[in-house]
There are 2 protein chains.
Amino acid sequence: MRPQDIATLASHCARCGARDRSICSAIEDEDLNHLAVHSQHIDVAAGQCFIEQDELARDFFVVTEGHAKLFTLMSDGRRQVNGFAGQGQFLGLAANERYAFSAEALTPLKLCRFSHDGMRLLTAQFPTLEQRLLSEASNELVAAQGRMLLLGRKTARERLASFLIERGAGCHQATTIELPMTRTDIADYLGLTIETVSRTLNALRRDGLIDIDHITRIHLRNRHAIAALASGEAA
Amino acid sequence: MRPQDIATLASHCARCGARDRSICSAIEDEDLNHLAVHSQHIDVAAGQCFIEQDELARDFFVVTEGHAKLFTLMSDGRRQVNGFAGQGQFLGLAANERYAFSAEALTPLKLCRFSHDGMRLLTAQFPTLEQRLLSEASNELVAAQGRMLLLGRKTARERLASFLIERGAGCHQATTIELPMTRTDIADYLGLTIETVSRTLNALRRDGLIDIDHITRIHLRNRHAIAALASGEAA
DNA sequence: CGATGTATTGACTCTGTTCAAGATATGTGG
DNA sequence: CCACATATCTTGAACAGAGTCAATACATCG
């Protein structure tokens, strides 16, 4: 890992750290040299797979730039997208011996890779890092339970509303959302078909809840109503 | 915590530890005294709630006897059962400031309770414990992804087959499954209605895949076929 | 044994899927 | 810069799997 990569990672993680999302926020600046020894910077082209379901889980990853999708496949091609990962997101906790999911770049992607072995050395050196990992895992478990509720019990309309609110979270004022994924990815994320996603989004537009500025850009006109829909408090 | 409770916990955890499922397997016998200082034995009557969704998350729990269900509620009463917990199971990782789920005893239940504060002291003393917690969280994340696939993409028949296989796991030979939960719980676990659960189980019986000895006892006649169904390799 | 809660079965409905056609983007080469 | 080719997205019509509502059967427990 070159010095400029460390700087890049550090600056990215500093940004993410503000929202307490990045794993790197557990590591102080002066410790970044140790980090550098055990990590490696990687570029992935859009559409390329960098984690393969059922492969031996040797590495963890941190997204430093771009977006990725995580998904599970069935033998007949049915697909469930488990999540999307953006800047600062940590990947690879959902694995024992082998990865439980595949991961593919949605946009040109920059990753920081840590071997499990390297990670063990790091956690031995920085106990806070292990706490940080555990807290990250807890966050993901909470999110997973929210998604089970969505997939098991919510209507198509509620699923889309939940998706929009989730995507819009963090941006307190900016109610315009960028969607780096296709309709197919959204459908597989929400347990629906592309047709239902398309129809439902346009229904939300007709009802004045959103504007669809562009296929990849959606404006929330009535965030409060969308949030109510998402949590099931609607007629 | 009384000495006999420690013994009970230890013996239970020893049993579970064989399958590497219990959190206590990280703690050696001679350390159980330290454990005792920070833990508390609790009895819960069947039907009683012992974790309340959105309450401040102050404690972790280990099930030492009996069965519990974990679930999430929507304001209109829709319910998603996130999982069932039996002997040796660790509860409470899916929480940040507050619990992301509620938990209720299905049978008379014995729990071991650890305060978060006590847990911090314990993990400081036994670094392996924190690794154990992280590994437990990883297992749960893997399981969560399996459930997302189930809830998002599987048919009712495949969901029931998956449920039976999951319940039958561990018991390599014994193909008779005890179900400590009601049909309503199963339905809310699989994202279905009780009617669909009932109809589908009886369809599986008619097709010679299972016997329903009793409402709460199911015998797997053709485990291989059920497993194939569960993973979606069927007509 | 009757009372109550739980499970099964049946008839009908509805939400979301499937299949198919058309529209809109994105990208390429002339 | 435009025409064509390909992807992706939208829209429509028919269908199906699971849900809803309602009646009946079965357990469990006093």
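Every chain is numbered from 1, with letters handed out A, B, ... down the list of sequences.
Only B:Glu195, B:Thr196, B:Arg199, listed by number, bring a heavy atom of residues 195-204 of chain B to less than 4.0 angstrom from any atom of DNA chain D. Near-neighbour residues of DNA chain D inside residues 144-159 of chain B, defined by a heavy atom below 4.0 Å, number-ordered: B:Thr155, B:Ala156.
Scanning for side-chain contact (heavy atoms from CB on, under 4.5 Å) contacts around A:Arg217 gives A:Thr176, A:Glu178, A:Asp213, A:His214, with sequence neighbours left out. Taking the side-chain contact (heavy atoms from CB on, under 4.5 Å) definition, one finds that B:Val44 meets it with B:Ile42, B:Gln48, B:Phe50, B:Ala105, B:Leu109, B:Leu111, sequence neighbours left out. Every side-chain contact (heavy atoms from CB on, under 4.5 Å) that B:Ile215 has, sequence neighbours left out, goes to B:Arg183. By the salt bridge (charged side-chain N to carboxylate O under 4.0 Å, His left out) test, A:Arg221 pairs with A:Asp211, sequence neighbours left out. Considering only residues two or more places apart in sequence or on other chains, A:Asp207 meets the salt bridge (charged side-chain N to carboxylate O under 4.0 Å, His left out) condition with A:Arg157. Partners of B:Phe71 by ring pair (Phe, Tyr, Trp, His ring centres under 6.0 Å), not counting sequence neighbours: none found. Partners of B:Arg153 according to the salt bridge (charged side-chain N to carboxylate O under 4.0 Å, His left out) rule, which considers only residues two or more places apart in sequence or in another chain, are A:Asp188.
Put simply, the side chain of B:Phe163 does not reach to within 4.5 Å of the side chain of B:Leu150, judged on heavy atoms. You'll find the side chain of B:Asp43 stays beyond 4.5 Å of the side chain of B:Pro108, heavy atoms only. With a 4.5 Å cut-off on side-chain heavy atoms, B:Val142 and A:Phe101 do not count as touching.
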Encoded 5' to 3' (Watson-Crick or G-U under 3.5 Å; [ ] crossing; | other strand), DNA chain D becomes ||||||.|.|||||||||||||||||||||
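Once you apply a 4.0 Å limit to the heavy atoms of chain A, the touched nucleotides of DNA chain C run 5' to 3' over C:dG16 to C:dT26. Using a 4.0 Å cutoff to heavy atoms of chain A, the contacted part of DNA chain D runs 5' to 3' from D:dC9 to D:dA13.
For the pair B:Ser231 (side chain) and B:Ala228 (backbone), a donor-acceptor distance under 3.5 Å is present. Judged by distance alone, the side chain of A:Asp76 and the main-chain N or O of A:Arg78 form a donor-acceptor pair under 3.5 Å. Without hydrogens or angle criteria, B:Arg167 side chain to B:Ile177 main chain gives no donor-acceptor distance under 3.5 Å. Proximity of a side-chain donor or acceptor of B:Ser138 to a complementary backbone N or O of A:Leu93 within less than 3.5 Å is detected.
No cation-pi contact links B:Arg159 to B:Tyr189, judged by a cut-off of 6.0 Å to the six-membered ring centre and 45° from its axis.
With its glycosidic angle more than 90° from 0, D:dA27 adopts the anti conformation.
Mapping A:Leu192 and A:Thr216 onto DNA chain C by nearest heavy atom places A:Leu192 at the nucleotide closer to the 5' end.
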